[in-house]
Enquirer: 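Before I ask anything, let me first share the structure, which is written out below as structure tokens.
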Amino acid sequence: MTQTLTAFASMSAEEISRGFIAGDFSAREVVEASLARIDACDKDIHAFLEYTPKLAFAQADKLDAARAAGTAKGTLLAVPVAFKDNMNQIGTHTTCGSRMLENYVAPYEATCVAKMTAAGGLPMGKLNMDEFAFGSSTETSAFGPTMNPWNTACVPGGSSGGSAAAVAAGMVQLSLGSDTGGSIRQPASFCGVVGFKPTYGVVSRYGVVAFGSSLDQVGPFGRSVRDVALALNALAGRDPLDCTSQECTVDFTANLEEGVDGMKIAVVKDLTFAEGVSPETLAAVHSAVDNLERMGAEIVEVELPHVDAALSAYYVIGPCEAFSNLSRFDAVRYGYRYEGAKNLDEQTEMSRTGGFGDEARRRIMLGAYLLGAGVYDKYYYPAQQVRTLITQDYVKAFEKVDALIMPASPRTAFAFGEISDPTSMYLSDKFTISINIAGNGGLTLPTGPGKDTGLPVGVQIVGPQFRDDLILRVSAALETCYDFERVASCDGGPLPAASKGGE
Amino acid sequence: MRYNERLELIMHEWTFERTTMHLSEKDVRDIASYTRIGLSDEQLTQMTVDLNNIIDTLAPITQMDLEGVKPTFHPIGDLSNVMRDDVARDSFPREVALSNTTATEDGAFRIPSILGGGDE
């Protein structure tokens, strides 16, 4: 069956790649279709901070020529992709959503960006984010927020809000985000897309502006588990430029259809029945558990006794690492520079003051305090001890079960300005943070609109370290149980059937 | 914790005014100076409130029994250092390294005077 690009917004990465290989359309036509969709949507959504049509067309021409010559190779041929704006891509700005880097042009390429384009992806642009990835709503971007494509009065989540929104609105098929405490999984839940934080070490962090170096991990967004697995195939593996990246020879698409029959999957009681979980979120977890059981999985309960302390451990470790990483912004080599300072001290202070927004200042100062003499022993060292306990909790749990299921976020997308107090905003990361502390992978799977708010709800599947294939397998099985519109029209609902073309 | 240590801690707490303030405005002013972030008086007051609130939420890790628990500073804890062969490889040419600043001189980064109020 041939595919035409009239259905572009709702086509999967795999369909586009196949259609290109079969000669149904050219890579150039795919770029045009993606640009048309961006043109129609992004004025209302503001997912992008920069469009890169020149780079996309240049890549398309290369692919079209390679196809004509019979040499086109790659797992993401002619698939429109976009990158969170903390990822260096030569010739693009890499602002991190901050005035500090407003005029910074990347002189080198992040490994994740290079791998997506080497696999044949068409780079459509750079995506909005909370400033330096500090936030859960994309409201702290210095360049204005991104709107949730399902309801533009609501936030898309964050910090990778632009990455989730661009995919949800059908502007691109795949995007990349980074996840330090839930920054892929929470926006994926808010925007109704699949978002995957792989195990720490699966994807190279080289060229991604660092936030919390022991917590950060790059991962893909897509509208299906299969597309996300395809992206991970392109992304995973050892990179000599990131010494924490690991060898990886797994084909993440290989086991997607194996199902969950005979698997043991656990509900974490303390996380699922926690205070503040909305009824529709709880209902989604219940229905997912029912579905897994129906498909042959054995459902059990496990305890993660120390997981309650994860949030406080994270808000020690994260800011300490951020404080250290953001000390590089000295206004000398790059970044915003205050002109006319009388000495270096004044230049440094005036530049950092002018360049960093409120949340960045809070985290930097908190980190500085927590690493201070005397305070270090009270918070930082215990936080790293707590990390040992949380990691052991997960190790023990995975001695008994293959995967865990829990909410990705306590509730659906909140309205702009609804959570203004920083402490309350931090609490919204309750379900995502503990696996950044432990290093495990986790995937948000959308389960359709919530019965109360009508906004996307998702569940989170967590697996043992470096068993990201298992997470994808469970998620792919679960995905088959849900039937709902995957693409937002950008004006408060799914894409009307008429504009979707035949599938 | 030994009994004497606990007693000392309690005594120590008694000698100070008990409040929920972890940080005073003066402390926050000092941290701002150390991290090279300028704050107006109004911003200083708000930052002091915010930081104290955030530090309040960190309490759980100070209340746990962590006696004898080893710290994990990194999620892939069992790895040893990764070394590469000592072979030179290409790096940025100078003009690329200098491309993101406007303050250069003779192929180097230019900074204002380090000491004093230089008016060059």
Side-chain angles (χ1 to χ4, degrees), chain A residues 103-105 107-108 200-201 214-215 240 243-244 246 306 308-309 311-313 315-316 323 327 332-335 337 341-350 352-353 356 361-362 364-366 368-369 372 378-379 381-389 391 421-423 426-427 436-439, chain B residues 22-23 27-28 30-39 43 46-47 50-51 53-64 66-77 79 81-84 89 92-93 96-103 109-119:
Chain A
N103 298 312
Y104 169 81
V105 177
Y108 69 111
Y200 184 92
S214 78
L215 306 162
C243 67
T244 63
Q246 304 292 303
H306 302 96
D308 272 351
L311 203 66
S312 12
Y315 277 100
V316 174
F323 157 65
S327 66
V332 173
R333 295 153 300 157
Y334 46 78
R337 185 162 54 91
K342 64 180 186 298
N343 58 34
L344 183 61
D345 259 358
E346 185 182 283
Q347 177 175 295
T348 311
E349 178 166 321
M350 293 302 281
R352 285 169 67 86
T353 304
F356 289 132
R361 294 176 192 192
R362 266 194 290 272
I364 290 168
M365 292 181 62
L366 181 61
Y369 166 70
K378 186 173 177 191
Y379 294 105
Y381 195 82
Q384 306 289 22
Q385 291 175 298
V386 169
R387 181 179 227 170
T388 303
L389 297 176
T391 306
D421 159 47
T423 318
Y426 295 175
L427 294 173
N436 294 85
I437 304 260
Chain B
H22 307 277
L23 286 168
D27 296 332
V28 176
D30 289 346
I31 295 169
S33 160
Y34 168 60
T35 56
R36 303 284 192 274
I37 287 173
L39 294 176
Q43 287 171 328
Q46 186 57 49
M47 184 65 83
D50 288 348
L51 290 181
N53 285 343
I54 296 165
I55 295 164
D56 270 343
T57 68
L58 307 180
I61 56 164
T62 66
Q63 294 156 356
M64 293 172 75
L66 297 168
E67 191 75 40
V69 178
K70 281 192 183 152
T72 301
F73 288 98
H74 203 274
I76 316 178
L79 293 179
N81 283 337
V82 179
M83 312 294 270
R84 69 174 171 87
R89 60 176 184 224
F92 287 151
V96 174
L98 291 170
S99 65
N100 272 297
T101 182
T102 49
F109 295 104
R110 189 178 188 284
I111 58 169
S113 144
I114 292 176
L115 298 171
D119 51 0

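If you're wondering where the values come from, they're calculated on a predicted model, not measured in any experiment. Letters go in sequence order (proteins before strands), and every chain restarts at 1.
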Enquirer: Which one wins on heavy-atom pair count under 4.5 Å against chain B: A/Tyr381, A/Tyr334, A/Tyr379?
Expert: A/Tyr379
Enquirer: Side chain, backbone, both or neither: which part of A/Pro240 has a non-hydrogen atom closer than 4.5 Å to chain B?
Expert: neither
Enquirer: In the structure I gave you, are the side-chain heavy atoms of A/Tyr369 and B/Leu23 within less than 4.5 Å of one another anywhere?
Expert: yes
Enquirer: Please examine the side chains of A/Pro107 and B/Asn100, heavy atoms only from C-beta on, and report whether any two atoms are closer than 4.5 Å.
Expert: yes
Enquirer: Can you tell me which portion of B/Leu39 sits under 4.5 Å from chain A's heavy atoms? Options are side chain, backbone, both or neither.
Expert: side chain
Enquirer: Quick one: does A/Arg352's side chain have a donor or acceptor within less than 3.5 Å of a partner on B/Thr35's backbone?
Expert: yes
Enquirer: Where does A/Ala383 contact chain B at under 4.5 Å (heavy atoms): side chain, backbone, both or neither?
Expert: both
Enquirer: With a 4.5 Å limit on heavy-atom distance, are the side chains of A/Leu389 and B/Leu66 in contact?
Expert: yes
Enquirer: Spell out, as yes or no, whether a donor-acceptor pair under 3.5 Å connects the side chain of A/Ser214 to the backbone of B/His74.
Expert: no
Enquirer: With a 4.5 angstrom heavy-atom cut-off, is it the side chain or the backbone of A/Arg333 that approaches chain B, or both, or neither?
Expert: both
Enquirer: Tell me whether the rings of A/Phe323 and B/Tyr34 are parallel (<30°), tilted (30 to 60°) or perpendicular (>60°).
Expert: tilted
Enquirer: For the atom pair CG (B/Asp27) and CE (A/Met365), what is the distance rounded to the nearest 0.5 Å?
Expert: 10.0 Å
Enquirer: Testing the basics here: between B/Gly38 and A/Thr353, what is the closest heavy-atom pair and its distance to 0.1 Å?
Expert: N-OG1, 2.7 Å
Enquirer: Considering only heavy atoms, which portion of A/Asp308 lies under 4.5 Å from any heavy atom of chain B: side chain, backbone, both, or neither?
Expert: neither
Enquirer: When you measure from the side chain of B/Thr101 to the backbone N and O of A/Val332, does any donor-acceptor pair fall under 3.5 Å?
Expert: yes
Enquirer: Let's test your reading of the structure: which of B/Thr57, B/Asp50, B/Val96 forms the most heavy-atom pairs below 4.5 Å with chain A?
Expert: B/Asp50
Enquirer: Can you tell me how far the CG atom of A/Leu366 sits from the CD1 atom of B/Ile54, to the nearest 0.5 Å?
Expert: 5.5 Å
Enquirer: I'd like to verify something: which residue of B/Met64, B/Met47, B/Gln46, B/Gln43 has the highest number of heavy-atom pairs under 4.5 Å with chain A?
Expert: B/Met47
Enquirer: So, does A/Arg387 use its side chain to make a donor-acceptor pair with the main chain of B/Phe73 at under 3.5 Å?
Expert: yes
Enquirer: Would a distance-only check, ignoring hydrogens and angles, find a side-chain to backbone donor-acceptor pair under 3.5 Å from A/Asn343 to B/Pro112?
Expert: no
Enquirer: Considering non-hydrogen atoms only, spot the tightest contact between B/Ile61 and A/Ala309 and give its length.
Expert: CG2-O, 4.0 Å
